Participant: 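For reference, the structure I am asking about is given below.
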Protein chains: 2
Amino acid sequence: MLTADQSNQLAEMFRLLGETSRLTLVTHCLEGPLSVGELTRRSGLSQSLVSHHLRLLRAARLLRAERSGKQVFYAIPDCHVREMLTNMIEHMVEPRGAANELMSEEAEP
Amino acid sequence: MLTADQSNQLAEMFRLLGETSRLTLVTHCLEGPLSVGELTRRSGLSQSLVSHHLRLLRAARLLRAERSGKQVFYAIPDCHVREMLTNMIEHMVEPRGAANELMSEEAEP
DNA sequence: TCGATGTATGAATATGTGTTCACATGTTTT
DNA sequence: AAAACATGTGAACACATATTCATACATCGA
């Protein structure tokens, strides 16, 4: 299937999305390109921390940066990332129909 | 966009996929349903650890369990998860064409 | 060219959290 | 009872996050 290297790289991407604050930065960008200042305002984090997060997301190509004057706008880079996110959001809000018959064990009661 | 609760739930799913060993269990299941024993063999992990991981993935509905005789087979539960994974795999193997013009900064040197 | 604004980066730390192992026990099916 | 799998607990270990501060870089307007 996947080489060990590819698995690591893929896991790395998911790990980046696995932190609420970082994920929120990405989902905000689903609406359209947003400046760092705007992301800082919406997230309530410090500008420094936002920048640190964006740097990681950029390196993993989960976000794309584009400068416009003094500001830098971040956006979803391509349809793969966009569709991946919308798929996961749909999966989340989806009715949990008989999720697991085996042993009645749920994440949330 | 998303409520704080939804963001947490979504991040939780990504976090589960953000560990190489767990992700490998999931990607193996892309080929088709696999028994715990088979997954243990392929992953090289202990059966106990595999079971722990599968439990988490099941609870998040990233995998679905089905018993067949003595064995339990795990599979991708629906098309959302399957498409999400294939999208991410495509994104990963995609040519990194001008990933980030802003500051020449790469993930791997 | 200087100052203001917007953004990036580096370093250092404290803290938290998850992964993994090892062992034991429980459950379901043959 | 045996085989296959699930679950629980606790300890060791590694890593990542948040945080702050300081500094550097980029762009624009005066």
Side-chain angles (χ1 to χ4, degrees), chain A residues 7-8 11-26 29 33-60 63-75 99-107, chain B residues 7-8 11-26 29 33-60 62-75 99-107 109:
Chain A
S7 289
N8 281 324
E12 168 74 9
M13 289 190 193
F14 283 126
R15 196 170 49 78
L16 291 176
L17 297 172
E19 241 57 36
T20 306
S21 52
R22 256 195 312 254
L23 177 62
T24 303
L25 293 176
V26 176
C29 290
L34 292 176
S35 70
V36 175
E38 182 62 27
L39 287 169
T40 300
R41 243 167 285 133
R42 296 199 187 192
S43 65
L45 306 172
S46 74
Q47 183 266 317
S48 173
L49 185 52
V50 169
S51 218
H52 279 297
H53 283 324
L54 291 177
R55 172 186 162 88
L56 296 176
L57 293 168
R58 225 172 52 206
L63 284 181
R64 179 175 51 83
E66 194 169 344
R67 169 153 246 142
S68 171
K70 277 189 286 192
Q71 297 178 317
V72 175
F73 288 84
Y74 281 83
N100 192 7
E101 326 269 343
L102 196 56
M103 281 139 202
S104 44
E105 189 71 46
E106 289 309 315
Chain B
S7 290
N8 281 323
E12 169 73 10
M13 290 190 194
F14 284 126
R15 196 173 51 76
L16 290 176
L17 297 173
E19 241 57 36
T20 306
S21 51
R22 257 198 309 257
L23 177 62
T24 302
L25 293 176
V26 176
C29 290
L34 292 176
S35 68
V36 176
E38 182 62 26
L39 287 169
T40 300
R41 241 165 289 136
R42 296 199 187 192
S43 64
L45 305 173
S46 72
Q47 182 266 316
S48 172
L49 184 52
V50 169
S51 218
H52 278 295
H53 283 324
L54 291 177
R55 171 187 161 87
L56 296 176
L57 294 168
R58 227 171 52 206
L62 291 168
L63 284 181
R64 179 174 51 82
E66 192 169 342
R67 170 154 244 140
S68 171
K70 278 189 287 193
Q71 297 178 316
V72 176
F73 287 84
Y74 281 82
N100 193 9
E101 326 270 344
L102 195 57
M103 282 139 203
S104 45
E105 191 70 49
E106 289 309 313

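Residue numbers start from 1 in every chain, and the chains themselves are labelled A, B, ... in the order their sequence lines are given, proteins ahead of strands. Since this is a predicted model, take the numbers as computed values, not measurements. Values below: all heavy atoms of this structure, side chains included; hydrogens, waters and symmetry mates excluded.
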Participant: Distance from B:S51 atom OG to B:L39 atom CG, nearest 0.5 Å?
Facilitator: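 So the OG of B:S51 and the CG of B:L39 are separated by 10.5 Å.
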Participant: Just the rounded figure in Å: distance from P of D:dA4 to CD of B:Q71.
Facilitator: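 Computing the B:Q71:CD to D:dA4:P distance gives 7 Å.
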Participant: Could you tell me whether the phosphate oxygens of D:dA6, OP1 or OP2, come under 4.0 Å of any side-chain nitrogen or oxygen in B:Y74?
Facilitator: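 Checking D:dA6 against B:Y74, a side-chain N or O does come within under 4.0 Å of OP1 or OP2.
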Participant: For B:R67 and C:dT28, is the shortest distance between a side-chain N/O and OP1 or OP2 below 4.0 Å?
Facilitator: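 No.
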Participant: Calculate the interatomic distance between B:F73 atom CZ and D:dC5 atom P; express it in whole Å.
Facilitator: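 Those two atoms, CZ and P, are 8 Å apart.
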Participant: In whole Å, I'd like the distance from the NZ atom of A:K70 to the P atom of D:dG29.
Facilitator: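 Computing the A:K70:NZ to D:dG29:P distance gives 7 Å.
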Participant: Rounded to the Å, how far apart are A:H52 NE2 and C:dG6 C1'?
Facilitator: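 Rounding to the nearest Å, NE2 of A:H52 and C1' of C:dG6 are 15 Å apart.
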Participant: Can you find a side chain N or O atom of A:R58 that sits less than 4.0 Å from OP1 or OP2 on C:dT9?
Facilitator: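 Checking A:R58 against C:dT9: at least one side-chain N or O falls below 4.0 Å of OP1 or OP2.
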Participant: D:dT17 C1' sits how many Å from B:N8 CG, rounded?
Facilitator: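 So the CG-C1' distance, B:N8 to D:dT17, works out to 15 Å.
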Participant: In Å, rounded to the nearest 0.5 Å, how long is the span from CZ of A:F73 to CZ of A:R67?
Facilitator: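 Answer for the CZ-CZ pair, A:F73 versus A:R67, is 11.0 Å.
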Participant: Kindly indicate whether the side chain of B:S48 and the base of C:dC21 share any N or O donor-acceptor pair separated by less than 3.5 Å?
Facilitator: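 Not at all, since no donor on one side and acceptor on the other fall under 3.5 Å apart.
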Participant: Specify the separation, in whole Å, of atom CG of B:L49 and atom C1' of D:dC5.
Facilitator: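 Distance, rounded to whole Å: 14 Å.
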Participant: Check whether any side-chain heavy atom of A:T24 sits under 4.5 Å from a side-chain heavy atom of A:S43, and report yes or no.
Facilitator: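 Contact flag for A:T24/A:S43 side chains = no.
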Participant: Respond yes when some side-chain nitrogen or oxygen of A:H53 is under 4.0 Å from OP1 or OP2 of D:dA18, and no when none is.
Facilitator: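 Result: yes.
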Participant: Please report the shortest heavy-atom distance between B:A75 and B:C29, naming the atom on each side.
Facilitator: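 Between these two residues, the closest heavy atoms are CA-CB, 4.4 Å.
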Participant: What's the separation between atom CZ in A:R64 and atom CG in A:L57, rounded to the nearest 0.5 Å?
Facilitator: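 The CG atom of A:L57 is 14.0 Å from CZ of A:R64, to the nearest 0.5 Å.
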Participant: Going by heavy atoms closer than 4.0 Å, what residues in residues 16-23 of chain A are next to DNA chain D?
Facilitator: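 Under 4.0 Å from DNA chain D: A:E19, A:S21, A:R22.
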Participant: Using heavy-atom distances to pick each residue's nearest nucleotide on DNA chain D, tell me which of A:S68 and B:V50 is more 5'.
Facilitator: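 That would be B:V50.
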Participant: Considering only heavy atoms, which members of residues 34-45 of chain B lie under 4.0 Å from some atom of DNA chain D?
Facilitator: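 Those residues are B:S35, B:V36, B:G37.
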Participant: Rounded to the Å, how far apart are A:F14 CZ and D:dA16 P?
Facilitator: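 Checked: the CZ to P distance equals 17 Å.
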Participant: In whole Å, what is the span from the CD atom of A:Q47 to the P atom of D:dA18?
Facilitator: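 Taking CD of A:Q47 and P of D:dA18, I get 15 Å after rounding.
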Participant: Nearest 0.5 Å, please: how far is CG in A:L23 from CZ in B:F14?
Facilitator: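 Nearest 0.5 Å value for the CZ-CG distance: 6.0 Å.
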Participant: Once you round to the nearest 0.5 Å, how far does CD of A:Q71 lie from CD of A:E66?
Facilitator: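 It is 12.5 Å, given to the nearest 0.5 Å.
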Participant: List the steps and the verdict of side chain to side chain contact (heavy atoms under 4.5 Å, CB included) for B:E12 and B:L16.
Facilitator: CA-CA 6 Å; B:E12 169 73 10; B:L16 290 176; 4.2 Å; yes
Participant: Starting at OG1 of B:T40, measure out to CG of B:L49 and round the result to the nearest 0.5 Å.
Facilitator: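 Separation between the atoms: 9.0 Å.
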Participant: Output yes when a side-chain donor or acceptor of A:R22 lies under 3.5 Å from a complementary backbone atom of A:H53, and no otherwise.
Facilitator: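 Here the side-chain-to-backbone pair does not exist.
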Participant: Given Watson-Crick or G-U pairs with both distances under 3.5 Å, what dot-bracket string fits DNA chain D, with | for other-strand pairs and [ ] for crossing?
Facilitator: ||||||||||||.|||.|||||||||||||
Participant: If you take all heavy atoms of B:L45 and B:S21, which pair is closest and at what distance?
Facilitator: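 Shortest heavy-atom contact: CD1-CB, 3.8 Å.
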Participant: Please check: side-chain N/O of A:R58 versus main-chain N/O of A:A60, any donor-acceptor pairing under 3.5 Å?
Facilitator: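 It does not hold such a pair.
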Participant: Find which nucleotide of DNA chain D each of B:L54 and A:L56 is nearest to by heavy atoms, and output the residue with the more 5' nucleotide.
Facilitator: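 Its nucleotide being nearer the 5' end, the pick is B:L54.
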